[in-house]
Trainee: 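Below you'll find the structure I mean.
Atoms within each ligand, like the ligands themselves, are counted from 1 in listed order.
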Amino acid sequence: MQTLRASKCGLSTAQLPSSILDVIDALTKAGYEAYIVGGGVRDLILGLNPKDFDAVTNATPAQVKEVFGRRCRIIGRRFELAHVYAGRELIEVATFRAPPKKAVTSASGMILRDNNWGTIEQDFARRDFSINAMYYQPRKGIVLDFCHAIDDIKNKTLRLLGDPTLRFEEDPVRMLRTLRFAAKLNFSIAPEILEIFTPEMTQLLRDISPHRLYDESQKLFTMGHLNRVLPMLIDFDIWRQLFADISPDISTFIERAAINTDQRIQIGKTINPAFFYAVLLWKPFLERCNFYLSKGVVPAEARAQAGLDVLKRQATRTIIPRFAETFIREVWEMQTRLLNPKPQQIQALSTHARFRAGFDFLLLREKSGDTTTQGMGVWWDAYQQMTTDEKERAISQYNRQRAKNRRKTATEDVVETKLVAVEIEPLVNEPEPRSRRERKSRAKLERPVQTVSAGGSEIASDHPILKRKRVKRDLSQVVFGPTQ
Ligand code: ATP
Ligand code: MG
């Protein structure tokens with residue numbers, strides 16, 4: 001172990017937020033050892049802006065709770081951790097960990113539970129990469145380096161601690177972390193890792209829960225170097241493990257979306273990580289739509305069903321939370337609305353909550369050479385810059401053009417263009433909560449059948465003539481299968 005002078009590593013307390021210093025100081029004052037560890041130290045040494053700071057201590061979570069009282073909450077089962085609230089920030093305080101006494105592992109050697117407190121040396125040995133295992137005591141102005149990690153930082157090399165095969169087997173997510181850090185820091189991967197980083201090894205990711213894989217995928221999407229990591233995911237055969245039905249091929253659309261995401265992060269704009277899922281799954285979605293259309297399903301239903309199918313398949317790898325699923329389906333549904341809007345709905349569409357994401361998506365498609373957008377990306381782009389008068393003129397012009405196109409193609413109902421309801425139907429119909437559904441069906445049972453008078457003869461309200469005409473389809477033909 002070597003003790004480095006913090007100032008020699010380019011570190012100073014001035015770079016640290018008061019929250020982490022408060023935590024370190026309170027623990028030290030109570031007689032415990034406390035360090036900053038992990039990505040925070042690594043990024044500061046590299047001159048990057050750390051995402052957050054993690055603390056590590058020899059105090060057990062219960063002792064940390066004693067120090068911070070109501071500002072502290074103990075969380076986790078597999079890894080018990082203390083969360084300390086310092087001002088508006090939350091600092092994760094971990095206790096030095098020893099190797100599990102009685103290993104609680106899965107059949108493939110994966111660690112399932114371990115809460116054995118240990119020494120700093122033991123804690124060090126359990127971390128993943130050398131560059132993530134430097135312990136910084138800001139008040140003493142020292143960094144404890146157990147494995148010449150500082151050289152790996154200088155040489156820009158990502159090196160796993162211990163035997164790489166064992167470390168990947170213990171926790172296959174370290175494979176994803178390898179690619180994430182290599183891309184984020186622009187580091188090379190040590191040869192001993194490359195040697196064992198085989199497609200067979202990546203199979204171990206099948207044992208990881210889809211929840212954890214979703215979280216990891218989000219970290220990949222939002223680290224600011226998505227465009228750099230995508231080809232790596234393909235080269236190392238991780239792509240197949242993460243994305244069930246997305247062919248491992250980076251289309252111009254995907255590439256543009258990745259570059260766009262990285263740029264937004266660089267300039268501090270927010271991003272919705274589900275947006276990139278919408279991009280990745282767009283092609284499988286269209287293919288699934290076509291599948292249903294070929295079976296005679298009406299377009300709106302084909303889209304709804306295709307959306308559900310594609311997301312369900314993806315959930316076998318990475319479970320997408322419900323709110324993100326809804327977002328993705330709404331962005332897709334917006335594509336139809338934006339492509340062929342009813343003139344009287346244009347204004348309302350442009351203020352819809354999902355307009356921005358839908359429009360960004362449309363424009364990305366168009367800029368990637370997708371001609372099926374028929375120039376509507378540029379149209380909406382221009383529309384947003386216009387004054388109210390210009391907007392009105394643009395809508396009338398659009399209306400005329402639309403009517404002309406319609407006359408050309410068919411003599412379908414043009415009645416729609418009457419300036420009536422400006423209301424927009426919900427983009428995605430969410431299933432109602434069960435209680436409400438039950439109430440409704442009960443009410444339906446209790447309600448007497450209403451009748452409508454049509455030209456003297458009475459027609460029951462559930463008469464087929466009053467229902468929307470639907471193309472008849474043979475659902476027995478609709479099999480759930482791969483989307484490509
Ligand atoms: P980021 O910049 O993404 O926050 P980080 O290195 O801080 O990077 P975290 O996921 O916040 O990553 O983890 C904090 C530290 O905990 C890591 O630096 C590493 O020392 C340790 N760690 C995290 N995940 C693992 C893992 N799967 N195996 C071993 N050690 C890990
Ligand atoms: Mg971190």
Side-chain angles (χ1 to χ4, degrees), residues 16-17 19-20 23 35-57 75-76 78-84 89-100 105-106 109-114 116 118 120-136 143-147 149 152-153 158-187 193 204-205 207-209 211-226 229 238 265 273:
L16 299 172
S19 51
I20 182 74
V23 170
Y35 298 90
I36 307 174
V37 73
V41 184
R42 175 199 71 213
D43 288 353
L44 280 183
I45 297 179
L46 282 166
L48 303 172
N49 198 8
K51 210 170 65 195
D52 50 28
F53 291 95
D54 299 314
V56 71
T57 176
I75 60 138
R78 179 184 156 203
F79 288 123
E80 215 174 76
L81 278 178
H83 273 176
V84 174
E89 281 172 65
L90 186 144
I91 305 282
E92 212 170 83
V93 183
T95 304
F96 292 148
R97 251 171 245 281
T105 57
S106 72
M110 211 164 77
I111 300 173
L112 299 178
R113 180 141 354 123
D114 66 270
N116 295 309
I120 191 168
E121 287 82 6
Q122 288 172 316
D123 185 87
F124 152 76
R126 300 179 36 125
R127 295 194 174 263
D128 48 4
F129 301 98
S130 61
I131 58 165
N132 285 347
M134 300 177 90
Y135 295 74
Y136 173 30
V143 176
L144 307 185
D145 180 0
F146 293 87
C147 62
D152 288 336
I153 289 196
L158 205 57
R159 198 178 300 285
L160 274 166
L161 299 175
D163 173 36
T165 305
L166 266 177
R167 301 313 304 278
F168 277 176
E169 281 170 1
E170 257 174 23
D171 183 3
V173 166
R174 289 177 187 146
M175 286 183 258
L176 294 180
R177 290 175 65 85
T178 304
L179 300 189
R180 173 151 66 91
F181 292 128
K184 174 175 162 169
L185 309 170
N186 208 7
F187 271 34
I193 303 180
L204 294 180
L205 283 165
D207 293 341
I208 303 296
S209 84
H211 286 102
R212 190 160 176 224
L213 286 185
Y214 177 77
D215 287 347
E216 286 302 320
S217 72
Q218 297 302 280
K219 290 183 190 169
L220 288 171
F221 294 176
T222 57
M223 70 167 154
H225 295 282
L226 177 54
V229 88
I238 296 272
I265 289 168

Trainee: Can you name the atoms of ligand 1, numbered from 1 with element, that are less than 4.0 Å from a heavy atom of Arg126?
Mentor: 29 (C), 30 (N)
Trainee: Please check whether Arg167 reaches ligand 1 - meaning an N/O of the residue sits under 3.5 Å from an N/O of the ligand, judged on distance alone.
Mentor: no
Trainee: Quick one: pull up CG in Leu160 and OG in Ser130 and give me the separation to the nearest 0.5 Å.
Mentor: 8.5 Å
Trainee: Rounded to the nearest 0.5 Å, how far does CZ of Arg97 lie from CG of Leu81?
Mentor: 5.5 Å
Trainee: Distance from Phe96 atom CZ to Tyr135 atom OH, nearest 0.5 Å?
Mentor: 6.5 Å
Trainee: If the cut-off is 4.0 Å to any non-hydrogen atom of Gly38, which atoms of ligand 1 fall inside it?
Mentor: 18 (O)
Trainee: Would you mind checking which non-hydrogen protein atom is closest to atom 4 (O) of ligand 1, with the distance to 0.1 Å?
Mentor: Lys51 NZ, 3.1 Å
Trainee: Heavy-atom distances under 4.0 Å decide this one: backbone, side chain, both or neither, for Phe129 against ligand 1?
Mentor: neither
Trainee: My understanding is that only residues two or more places apart in sequence, or in another chain, count here; which of them pass salt bridge (charged side-chain N to carboxylate O under 4.0 Å, His left out) with Asp145?
Mentor: none
Trainee: Of all the non-hydrogen atoms in the protein, which one sits nearest to atom 19 (C) of ligand 1, and at what distance?
Mentor: Asp128 OD1, 3.4 Å
Trainee: Among protein heavy atoms, which sits nearest to atom 21 (C) of ligand 1, and what does the distance come to when rounded to 0.1 Å?
Mentor: Arg127 NH1, 3.5 Å
Trainee: Indicate yes or no: does Asp43 engage Lys184 in a salt bridge with an N to O separation below 4.0 Å.
Mentor: yes
Trainee: Within a distance under 4.0 Å of any heavy atom of Arg180, pick out the atoms of ligand 1 and give their elements.
Mentor: 3 (O)
Trainee: Going by heavy-atom distance to atom 28 (N) of ligand 1, choose the closest among Lys184, Lys219, Arg174.
Mentor: Arg174
Trainee: Main chain of Leu161, side chain of Arg167: is a donor-acceptor contact present, judged purely on distance under 3.5 Å?
Mentor: yes
Trainee: For Asp171, counting its heavy atoms only, list the atoms of ligand 1 lying under 4.0 Å from any of them.
Mentor: 26 (C), 27 (N)
Trainee: Using a strict cut-off of less than 4.0 Å between a Lys/Arg side-chain nitrogen and an Asp/Glu carboxylate oxygen, indicate whether Asp123 and Arg127 qualify as a salt bridge.
Mentor: yes
Trainee: Between Asp54 and ligand 1, which residue portion shows a heavy-atom distance shorter than 4.0 Å: side chain, backbone, both, or neither?
Mentor: side chain
Trainee: Nearest 0.5 Å, what's the CD1-CG distance between Ile36 and Leu16?
Mentor: 4.5 Å
Trainee: Please could you name the atoms of ligand 1 that Gly39 approaches to less than 4.0 Å, counting only its heavy atoms?
Mentor: 5 (P), 6 (O), 7 (O), 18 (O)
Trainee: Relative to atom 13 (O) of ligand 1, which among Arg42, Glu170, Glu92, Arg177 owns the nearest non-hydrogen atom?
Mentor: Arg177
Trainee: Taking atom CG of Asn132 and atom CZ of Arg177, what is their separation to the nearest 0.5 Å?
Mentor: 6.0 Å
